[in-house]
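All residue numbers in this chain count up from 1 along the given sequence.
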Amino acid sequence: MIAILAVGAALAGLVWQGQRSLRVEMRDMRTELTGRMDRIESRMDRIESRMERMEGRLAELGDRVSRIEGMLHLHLGRNEEPAAPAE
């Protein structure tokens with residue numbers, strides 16, 4: 001009977017120690033993942049900011065190209081109606 005109780009106590013101790021080490025590992029992993037997520041969010045914020053600046057620059061370039069096209073059409077006479085076909 002004492003041997004059975006000793007084995008039971010030993011097994012309980014092993015299970016308890018295993019769960020304790022798992023809890024420590026999980027806590028460390030959670031801390032590491034939280035740090036990684038914070039860094040990822042920071043990078044995403046920087047990327048979003050850069051994308052917004054790029055969108056603004058592209059809109060500005062589109063306006064500039066439109067003005068240039070307008071000037072070219074005026075100087076090259078592209079706004080004129082095509083001539084009627086000869087009979």
Side-chain angles (χ1 to χ4, degrees):
M1 185 68 151
I2 293 175
I4 293 172
L5 291 175
V7 169
L11 287 175
L14 287 173
V15 169
W16 179 76
Q17 183 66 25
Q19 286 185 352
R20 194 177 118 218
S21 66
L22 280 175
R23 273 189 244 123
V24 169
E25 287 180 32
M26 291 290 285
R27 185 180 62 233
D28 293 346
M29 190 180 294
R30 185 179 300 127
T31 302
E32 182 182 340
L33 287 175
T34 300
R36 286 184 179 190
M37 288 302 295
D38 290 343
R39 288 191 302 273
I40 288 171
E41 286 176 2
S42 175
R43 287 179 183 168
M44 291 299 291
D45 289 342
R46 288 194 311 265
I47 289 170
E48 186 176 312
S49 174
R50 291 173 66 189
M51 292 294 290
E52 288 173 357
R53 287 195 313 264
M54 287 174 64
E55 286 174 347
R57 289 177 182 168
L58 282 174
E60 181 184 323
L61 286 173
D63 292 342
R64 292 172 69 183
V65 167
S66 294
R67 283 195 301 267
I68 291 169
E69 286 177 341
M71 286 190 270
L72 285 174
H73 284 286
L74 286 174
H75 289 292
L76 298 177
R78 299 232 172 132
N79 287 335
E80 298 175 359
E81 294 292 322
E87 291 183 35

Mind checking what makes side-chain contact (heavy atoms from CB on, under 4.5 Å) contact with [X], not counting sequence neighbours?
{"X": "Thr34", "result": "Arg30, Asp38"}
{"X": "Arg67", "result": "Asp63, Arg64"}
{"X": "Val7", "result": "Leu11"}
{"X": "Arg36", "result": "Glu32, Arg39"}

Inter-residue atom distance Glu55.CD - Arg57.CZ, 0.5 Å rounding: 12.5 Å
Can you give the donor-acceptor pairs under 3.5 Å from side chains of residues 47-54 to other protein atoms, not counting sequence neighbours?
{"from": "Ser49", "atom 1": "OG", "to": "Arg53", "atom 2": "NH1", "distance (Å)": "3.3"}

List, by chain and number, the other hydrophobic cluster members for Met26, where Ile, Leu, Val, Met, Phe, Trp and Tyr join if side-chain heavy atoms come within less than 4.5 Å, directly or indirectly. none
Under a side-chain separation threshold of 4.5 Å, the hydrophobic residues clustered together with Ile4 are none
Write out all pairs satisfying side-chain hydrogen bond (donor to acceptor under 3.5 Å, both in side chains) with one or both partners inside residues 8-17, taking only residues at least two apart or from two chains. Gln17-Arg20
